[in-house]
Amino acid sequence: MNDVHDENKLIAQRREKLAEMRKSGLAFPNDFRRNTLVEPLLQQYGEEDAATVEARNVRVKAAGRLMAKRLMGKASFIHIQDQSGRMQVFLQKDGLPEGVYEHFKQWDIGDIIGVEGTLFRTKTGELSIKASNVRLLTKSLRPLPEKFHGLTDGELRHRQRYVDLVMNDESRRVFRLRIAIIQYIREFLVARGFMEVETPMMQPIPGGARAKPFVTHHNALDMALYLRIAPELYLKRLVVGGFEKVFEINRSFRNEGLSTKHNPEFTMIEFYQAYADHRDLMDLTEELMRGIARDLMGSTTIEHQGRPYDLGPPFRRMTVLESVLHYNPDITADELAERDSAAAVARRLGIPVVAADGLGKIQTEIFEKTVEHRLDEPTFITDYPAEVSPLARRNDDHPFITDRFEFFVGGRELANGFSELNDPEDQAERFRQQAEIKAAGDEEAMHYDADYIRALEYGLPPTAGEGIGIDRLVMFFTDCPSIRDVILFPHLRPET
RNA sequence: GGGCCGUUAGCUCAGUCGGUAGAGCAUUGCACUUUUAAUGCAGUGGUCAUUGGUUCGAAUCCAAUACGGCCCA
């Protein structure tokens, strides 16, 4: 336990009040039962006039955190906040049991309380609860941030998300939306006949992506296990097994630096569909993105970081090479067609090129450096070189490239999908190439996964698969500039 | 990894040229039975991120470190 030595007078005062409560009875009771949240009350009675509300004599029991306290002698107004929202409560000394009002005056903002009373409308028109009784259910020992500005310090908001969520409506909105987006995707796929599955997070051979894994150790088996960098190879094993439409939404882990775009654990959905190709998945992705915008955001035009993005019209589609030429008028197709001239272009752009880099790798690096961040409008980029796509199916007409796409919006890659490589001999050869690169010092290159090859040898039906980065997707739709804004408890350096 | 910026009361922020540490909210006391950033009066509250240096004197100038933010790789 990390002892937090930030005791001050405010906390000491509250501790004393708690000590008094312990002396006079149960300090942390759990026998109060509410019969409603506050938001439904506002929904149901919020529009009715004072006389109608009063005549209904609606008796309610509500509970929540005390967020505002306005004492005026023998009467007080407070606001309580529960999961659904905020509601005002009116307390009068004469309307409460003997002595309760005096106790209430000692309570602090942040305390958790239970309220019993009837609904009424105040002189200024706010639907409120006139309390017939109130109870302190949990004493809060730490003062909340200032009521008007809330908690604005970004570091504190991430480190103490519980305080952020108490104080900031915007933060609650973002995480509710995140949950709704995940739920939407799940229902979208289930409605199309996909099955949600769970595959290993601890893998003996980490596969499915280019990334450095976290390593752990299994004591009983005395062996290394890797936290997965992607679920891909296991999901495709399931398609071999006859689960022809599967998906998994969960965490993957990559042992990389922290930034506004990277968290060591992040949430991804991957889905696989037999008897489909990458073009089918582009259509599906387009429908999904448009659906999230329309059904959850209420409009196909999304405002992100000060600019509108219209997901309504068909998304732009261009190949890697087309996009490089489009955004770099000074580069010619001929220069990109051959390794040495492409390498010269790359060096001119400040991209380091090593001997092991083939033409495909060099083309891709030129694309990443000069095009990716400029892909603002929703765009599918297709035809990635096989050299950088070790799990994707080769194009029938041009085996140099694969039947693969990535989806970009706002200058960020949100999705990556392809027709799956189901030729076990080609896959074995690609693994061997990866193993060579790895042996030459590329830590991110893939391992040779013999069991996966064995699975392919039993026969993977023609299949298309895709992964979508949920955190980045949520950043886009919730208008958040940092991945830390959309992860409840982002990884941070230890507190000092 | 490199550059720039930030760190002052529980929170949000001022702090001039290097000369006794400031405000609002919160909190404490008093008043107040329809307020809503309630109001009025009076108080309390500080390791100025940390360590070292310059100086008669450092929140302020310099250096290093920690954490965070932005930009670049």
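Source: prediction; values computed, not measured.
Note on Leu151(A): only backbone sugar-phosphate atoms sit closer than 4.0 angstrom, heavy atoms only; bases stay farther off. His79(A) comes within contact range of at least one nucleobase, with a heavy-atom separation under 4.0 Å. Contacts of Ser128(A) with the nucleic acid, taken as non-hydrogen atoms under 4.0 Å apart, are absent. Looking at heavy-atom distances under 4.0 Å, Gly150(A) makes contact with sugar-phosphate atoms alone, never a base. Using a 4.0 Å heavy-atom distance criterion, Thr122(A) is classed as a base contact. Here Lys74(A) lies in heavy-atom contact (under 4.0 Å) with a base.
The salt bridge (Lys or Arg N to Asp or Glu O under 4.0 Å) search around Arg173(A) returns Glu170(A), not counting sequence neighbours. Residues satisfying the salt bridge (Lys or Arg N to Asp or Glu O under 4.0 Å) test with Lys23(A), not counting sequence neighbours, are Glu20(A). The ring-ring contact (aromatic ring centres under 6.0 Å, His included) search around Phe175(A) returns none, not counting sequence neighbours. Residues passing the salt bridge (Lys or Arg N to Asp or Glu O under 4.0 Å) test with Glu102(A) are Lys93(A), sequence neighbours excluded. For the side chain to side chain donor-acceptor pair (under 3.5 Å) test, residues two or more places apart in sequence or in another chain that qualify with Glu146(A) are His149(A).
RNA chain B lies under 4.0 Å from at least one heavy atom of each of the following residues of residues 49-72 of chain A: Arg70(A), Leu71(A), Met72(A). For the segment residues 82-105 of chain A, the set of residues with a heavy atom within less than 4.0 Å of an atom of RNA chain B comprises Gln88(A), Phe90(A), Gln92(A), Asp94(A), in numerical order. Within residues 473-491 of chain A, the residues approaching RNA chain B are Arg484(A), by heavy-atom distance under 4.0 Å.
Here the C1' atom of nucleotide A73(B) and the CD atom of Glu256(A) are 15 Å apart, to the nearest Å. If you measure from atom NE2 of His262(A) to atom P of A73(B), you get 14 Å, rounded to the nearest angstrom.
Both the sub-6.0 Å distance and the 45° axial angle are not jointly satisfied by Arg228(A) relative to the ring of Tyr226(A). Because its NZ or CZ atom is not both nearer than 6.0 Å to the ring centre of Phe489(A) and within 45° of the ring axis, Arg161(A) does not count as a cation-pi partner of that residue.
In the set A26(B), U34(B), U12(B), U12(B) carries the atom at the smallest distance from any side-chain atom of Glu146(A).
Taking the six-membered ring wherever Trp is involved, the centroid distance between the rings of Phe407(A) and Phe315(A) falls below 6.0 Å.
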**OP:** Decide yes or no on side chain to side chain donor-acceptor pair (under 3.5 Å) for Ser259(A) and Arg484(A), but give the supporting numbers first.
**Re:** CA-CA 9 Å; Ser259(A) 78; Arg484(A) 290 179 170 176; over 6 Å; no
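At a threshold of 4.0 Å, the pair Arg348(A)-Glu335(A) counts as salt-bridged, since one of the basic side-chain nitrogens sits closer than that to a carboxylate oxygen.
With a 3.5 Å limit on both pairing distances and Watson-Crick or G-U wobble geometry required, the stems of 3 or more pairs in RNA chain B span B:1-7 with B:66-72, B:10-13 with B:22-25, B:27-31 with B:39-43, B:49-53 with B:61-65.
Between Arg493(A) and C67(B), a side-chain N or O to OP1/OP2 separation shorter than 4.0 Å is present. Distances shorter than 4.0 Å separate some side-chain N or O of Lys17(A) from OP1 or OP2 on U28(B).
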Could you go through nucleotides 47-49 of chain B and list every protein N or O atom that sits under 3.5 Å from one of its N or O atoms, giving the distance for each pair?
none

For nucleotides 40-44 of chain B, which of its nitrogen or oxygen atoms have a protein nitrogen or oxygen under 3.5 Å away, and what is each distance?
| unit_1 | atom_1 | unit_2 | atom_2 | d |
| --- | --- | --- | --- | --- |
| U44(B) | O2' | Lys9(A) | NZ | 2.2 |

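Residue-to-nucleotide proximity on RNA chain B shows that, of Leu144(A) and Leu492(A), the 5′-proximal contact is made by Leu144(A). Comparing Asp153(A) and Phe148(A) by the nucleotide of RNA chain B whose heavy atom lies nearest to each, the residue mapping closer to the 5' end is Asp153(A).
The salt bridge (Lys or Arg N to Asp or Glu O under 4.0 Å) analysis of residues 249-267 of chain A, with sequence neighbours excluded, yields the pairs Arg251(A)-Glu265(A).
Test Gln160(A), Arg65(A), Arg172(A) against Val166(A) for side chain to side chain contact (heavy atoms under 4.5 Å, CB included) and you get one pass: Arg65(A).
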